[in-house]
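Scroll down for the structure; my scribbles are underneath it.
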2 protein chains.
Amino acid sequence: MFRVDPDSPVPVYEQLKRQIRLGIVSGAFPPEHRMASIRELATELTVNPNTIAKVYGQLETEGFLISRAGSGFYVKDCQESVLETRHELLAELAAEFVARSVELGLTPPEIQAALSEELGRRPALGTDK
Amino acid sequence: MFRVDPDSPVPVYEQLKRQIRLGIVSGAFPPEHRMASIRELATELTVNPNTIAKVYGQLETEGFLISRAGSGFYVKDCQESVLETRHELLAELAAEFVARSVELGLTPPEIQAALSEELGRRPALGTDK
DNA sequence: ACCACTGTAATAGTATTGTGGTACAGTAAG
DNA sequence: CTTACTGTACCACAATACTATTACAGTGGT
């Protein structure tokens with residue numbers, strides 16, 4: 001189902017978190033879908049249960065999952081909250097991007113241009129689903 | 001001259017690197033300007049000479065400084081190379097920004113909008129110098 | 001009530017990273 | 001050639017981040 005590389009410089013929990021998040025927003029995991037249990041997924045990926053718990057916990061904080069004790073983790077159906085959280089995260093990413101670009105002495109038009117170029121470089125998203 | 005906070009979560013060498021880079025691109029340190037020596041700056045900021053050496057070394061790799069052994073570090077005058085390096089760094093920042101936004105399930109128009117909003121939020125840059 | 005499953009919490013080991021201390025080598029001026 | 005500066009390289013210590021181990025507590029079906 002998922003793939004993680006223990007030798008990557010980016011930590012395992014981060015790799016997995018991104019994949020799951022992508023699966024949720026792409027619709028692969030619909031609302032109310034029950035995720036694999038912590039131990040199941042830990043066994044499958046050959047990682048520690050604690051690592052999976054960390055991933056699920058953070059995704060719950062971000063509003064993508066909800067924990068039902070004794071039962072499992074489920075994809076959150078309250079899309080309003082998810083949308084709100086996503087835009088908060090987006091604003092943070094944008095702020096950091098701008099801040100670091102400005103530190104390099106780059107101007108707003110240059111920053112806009114770089115973003116447009118990067119977006120144009122990518123294939124269509126959400127049209128192939 | 002510079003200010004660093006040892007208790008910040010962002011490492012000292014990173015704080016200092018950003019400040020120096022900003023000083024160079026803003027024109028506060030013109031080309032051929034001789035930077036303070038490693039030991040001078042280390043004493044002034046009460047940090048280890050090794051930390052300053054790390055900063056200067058990385059800024060040299062990025063094309064902002066040049067090392068003249070036995071003499072000191074100087075602001076690089078070859079602005080072409082600096083411009084090129086800056087745009088490479090900008091492209092990397094943009095790529096990471098887009099990648100992480102896409103992982104959140106956000107669409108190109110939303111990403112563009114977030115950037116515009118963030119840029120609009122900032123006061124004029126380079127006009128107050 | 002029991003039992004097999006679920007998530008949770010506390011703890012410890014390991015690797016990476018940031019920083020400090022010290023000694024080495026090269027340059028420039030007297 | 002000596003001297004006082006410059007950057008460079010190597011090693012050690014401390015803090016942090018990541019992951020693993022273990023034990024605990026709550027649910028749900030039988």
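So you know, we letter chains A, B, ... as the sequences are listed, proteins then strands, and number each from 1.
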Listing time: all N or O pairs from protein to nucleotides 18-20 of chain C that are below 3.5 Å?
{"residue": "C:dG18", "atom": "OP1", "partner": "B:Tyr13", "partner atom": "OH", "Å": "3.3"}
{"residue": "C:dT19", "atom": "OP1", "partner": "B:Val12", "partner atom": "N", "Å": "2.7"}
{"residue": "C:dG20", "atom": "OP2", "partner": "B:Asn48", "partner atom": "N", "Å": "2.7"}
{"residue": "C:dG20", "atom": "OP2", "partner": "B:Thr51", "partner atom": "OG1", "Å": "3.3"}
{"residue": "C:dG20", "atom": "N9", "partner": "B:Asn48", "partner atom": "ND2", "Å": "3.3"}
{"residue": "C:dG20", "atom": "O6", "partner": "B:Asn50", "partner atom": "ND2", "Å": "3.0"}

Can A:Glu118 and A:Arg121 be said to form a salt bridge (Lys or Arg N to Asp or Glu O under 4.0 Å), step by step? CA-CA 5 Å; A:Glu118 179 60 31; A:Arg121 186 174 300 138; 2.6 Å; yes
Please step through side chain to side chain contact (heavy atoms under 4.5 Å, CB included) for the pair B:Leu16 and B:Thr51, ending with a clear verdict. CA-CA 10 Å; B:Leu16 184 58; B:Thr51 301; 6.0 Å; no
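- Residue A:Gln58 contributes atom CD, which lies 16 Å from atom P of C:dG7 at whole-angstrom precision.
- Scanning residues 33-44 of chain A for heavy-atom distances under 4.0 Å to DNA chain C yields A:Arg34, A:Ser37, A:Ile38, A:Arg39, A:Glu40.
- A salt bridge does not link B:Glu32 with B:Lys76: none of the charged nitrogens is closer than 4.0 Å to a carboxylate oxygen.
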Decide yes or no on salt bridge (Lys or Arg N to Asp or Glu O under 4.0 Å) for B:Arg86 and B:Glu62, but give the supporting numbers first. CA-CA 8 Å; B:Arg86 282 203 300 193; B:Glu62 294 178 10; over 6 Å; no
Stepwise side chain to side chain contact (heavy atoms under 4.5 Å, CB included) check, A:Phe64 with A:Val25: CA-CA 9 Å; A:Phe64 291 97; A:Val25 299; 3.7 Å; yes
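- Figure legend: cation-pi geometry between B:Arg68 and B:Tyr74, with NZ or CZ positioned under 6.0 Å from the six-membered ring centre and within 45° of its axis.
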Test side chain to side chain contact (heavy atoms under 4.5 Å, CB included) on B:Leu59 and B:Val55 and set out the steps. CA-CA 6 Å; B:Leu59 287 174; B:Val55 170; 3.9 Å; yes
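- Residue B:Phe73 is classed as a sugar-phosphate contact, given heavy-atom separations below 4.0 Å to backbone atoms only.
- Remark on DNA chain C: of its neighbouring residues B:Ser71 and A:Gly72, the 5'-side contact belongs to A:Gly72, judged by nearest-heavy-atom nucleotide.
- Linking Ile, Leu, Val, Met, Phe, Trp and Tyr whenever their side-chain heavy atoms come within less than 4.5 Å puts A:Met1 and A:Met35 in one cluster.
- Side-chain atoms of B:Glu40 come within 3.5 Å of backbone N or O of B:Ser37 as a donor-acceptor pair.
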Using the rule given for side chain to side chain contact (heavy atoms under 4.5 Å, CB included), can you reason through A:Leu22 versus B:Leu104, listing the C-alpha separation, both sets of side-chain angles and the distance that settles it, and then say yes or no? CA-CA 6 Å; A:Leu22 189 54; B:Leu104 288 169; over 6 Å; no
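- Using a 4.0 Å cutoff to heavy atoms of chain A, the contacted part of DNA chain D runs 5' to 3' from D:dC18 to D:dT27.
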